[in-house]
Amino acid sequence: VVGTLIGFFLYNAVIAFITHPYRAFAHAHPAKVLSPNLVVTSPLEGFSTRLKVAAYLGIFFASPIWLWEVWRFITPGLHKHERKWAISFVASSIVLFSLGATVSILVWPKALDWLISIGGNNISALFSPSKYINLYIAAAAIFGVVFLFPAVLVFLEVIGLVPSKTLRRIRRPAIVGIAFLAAVATPSNDPYSFMAMAVPLYVFYEAAIIVGRILKK
């Protein structure tokens, strides 16, 4: 609740940041965009949009407390050496999720340009806040979850379920699977988001093989 209240007052700054790529495209291509601002079509949509953004920010601000509570719930059942592994996986998962969300935010301007331009010269953009923000948040969340891929691979190597030599043997079908995952997982289905997800996933795959070989030694 406290995080949501803070998000309620940070709303204008957050909306300005989220819509900056759209407004930049509108100023650069005025014929392709009917309005540089997001447009509400209902009297209640402006208020509901503010509440939705505040709720998202509240979840973000509260996430450290949630993670701490989960950690306090899990650790009593772990041995000392298991806690060391758990700390490594939790820390790396947080970093990887944040990295994925950051990549999504950085690639969003290119993705948005492509999505607006691909409609052709006879179609102009006029976006509502709900659909624009939903796609923006969904892309960041999906990128964050998918970027946990190397942590999952290393975990499977640690428990001995999938050794590094197996990952090396199935490298070619794994590349196809990574490309398929990136094509399906990206909510915007644009080529920039696809490449921004597929290339890091392959790099993570190779890195997981190296980590697995080091752990074996």
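The figures that follow rest on heavy atoms only: side chains count, while hydrogens, waters and symmetry mates do not. One is the number of the first residue; the rest follow in order along the sequence. All values derive from a computational prediction rather than experimental measurement.
The nearest pair of heavy atoms linking Ser193 to Ala111 is OG-CB, 3.7 Å. In plain terms, the two heavy atoms of Ile209 and Glu157 that are nearest each other are CA-OE2, 4.0 Å. Shown here for Ser164 and Arg213, the closest heavy-atom pair between the two residues is OG-CG, 3.5 Å.
Atom NZ of Lys52 has more than 12 heavy atoms from other residues, nucleotides or ligands within 6.0 Å.
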Side chain to side chain contact (heavy atoms under 4.5 Å, CB included) between Leu167 and Glu206, worked out: CA-CA 9 Å; Leu167 295 180; Glu206 296 293 340; over 6 Å; no

Derivation of the side chain to side chain contact (heavy atoms under 4.5 Å, CB included) call for Leu153 and Tyr205: CA-CA 8 Å; Leu153 287 182; Tyr205 186 88; 3.7 Å; yes

Yes or no on side chain to side chain contact (heavy atoms under 4.5 Å, CB included) for Leu57 and Val14, after CA distance, side-chain angles and deciding distance? CA-CA 9 Å; Leu57 291 173; Val14 172; 3.7 Å; yes

Does the side chain to side chain contact (heavy atoms under 4.5 Å, CB included) test come out yes or no for Asp190 and Lys110, once each step is laid out? CA-CA 9 Å; Asp190 66 278; Lys110 285 290 184 181; over 6 Å; no

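Between Leu148 and Phe97, some side-chain heavy-atom pair lies under the 4.5 Å cut-off. Side-chain contact between Pro21 and Phe25 is absent, with no heavy-atom pair separated by less than 4.5 Å. Here the side chains of Tyr56 and Thr4 are not in contact, with every heavy-atom distance at 4.5 Å or above. The closest side-chain heavy-atom distance from Ile133 to Val53 is below 4.5 Å. Taking the side chain as every heavy atom from C-beta outward, Phe143 and Thr186 approach each other to under 4.5 Å. Contact annotation: the side chain of Ile142 approaches that of Met197 to within less than 4.5 Å [non-hydrogen atoms, C-beta and beyond]. The shortest side-chain heavy-atom distance between Trp108 and Leu135 falls under the 4.5 Å cut-off. Within the 4.5 Å cutoff, the side chain of Leu38 has no heavy atoms near those of the Ser128 side chain.
A donor-acceptor contact shorter than 3.5 Å is absent between the side chain of Ser117 and the backbone of Trp114. Remark: side-chain polar atoms of Glu69 are not paired, donor with acceptor, to backbone N or O of Ile65 under 3.5 angstrom. Looking at Tyr132, its side chain does come within 3.5 Å of a backbone N or O of Ile18 through a donor-acceptor pair. A donor-acceptor pair under 3.5 Å links the side-chain atoms of Thr19 to the main chain of Ile15, judged by distance alone. With hydrogens and angles disregarded, no donor-acceptor distance shorter than 3.5 Å links the side chain of Arg50 to the backbone of Tyr11. For Ser92 (side chain) and Phe89 (main-chain N/O), a donor-acceptor pair under 3.5 Å exists by modelled atom type.
At a cut-off of 3.5 Å, with distance as the only test, no side-chain donor of Lys32 or Asn121 sits close to an acceptor on the other residue.
Residues that satisfy the side chain to side chain contact (heavy atoms under 4.5 Å, CB included) test with Ser88, not counting sequence neighbours, are absent from this structure. When the side chain to side chain contact (heavy atoms under 4.5 Å, CB included) test is applied to Val39, the partners found at least two apart in sequence or on another chain are Ser35, Leu126. When the ring-ring contact (aromatic ring centres under 6.0 Å, His included) test is applied to Tyr192, no partner is found at least two apart in sequence or on another chain.
Rounded to the nearest 0.5 Å, atoms OG1 (Thr49) and CG (Asn134) are 9.0 Å apart. Going from atom CG of Leu201 over to atom CZ of Phe147 covers 6.0 Å, rounded to the nearest 0.5 Å.
Under the 30°/60° scheme for interplanar angles, the aromatic rings of Tyr22 and Phe127 are found to be tilted.
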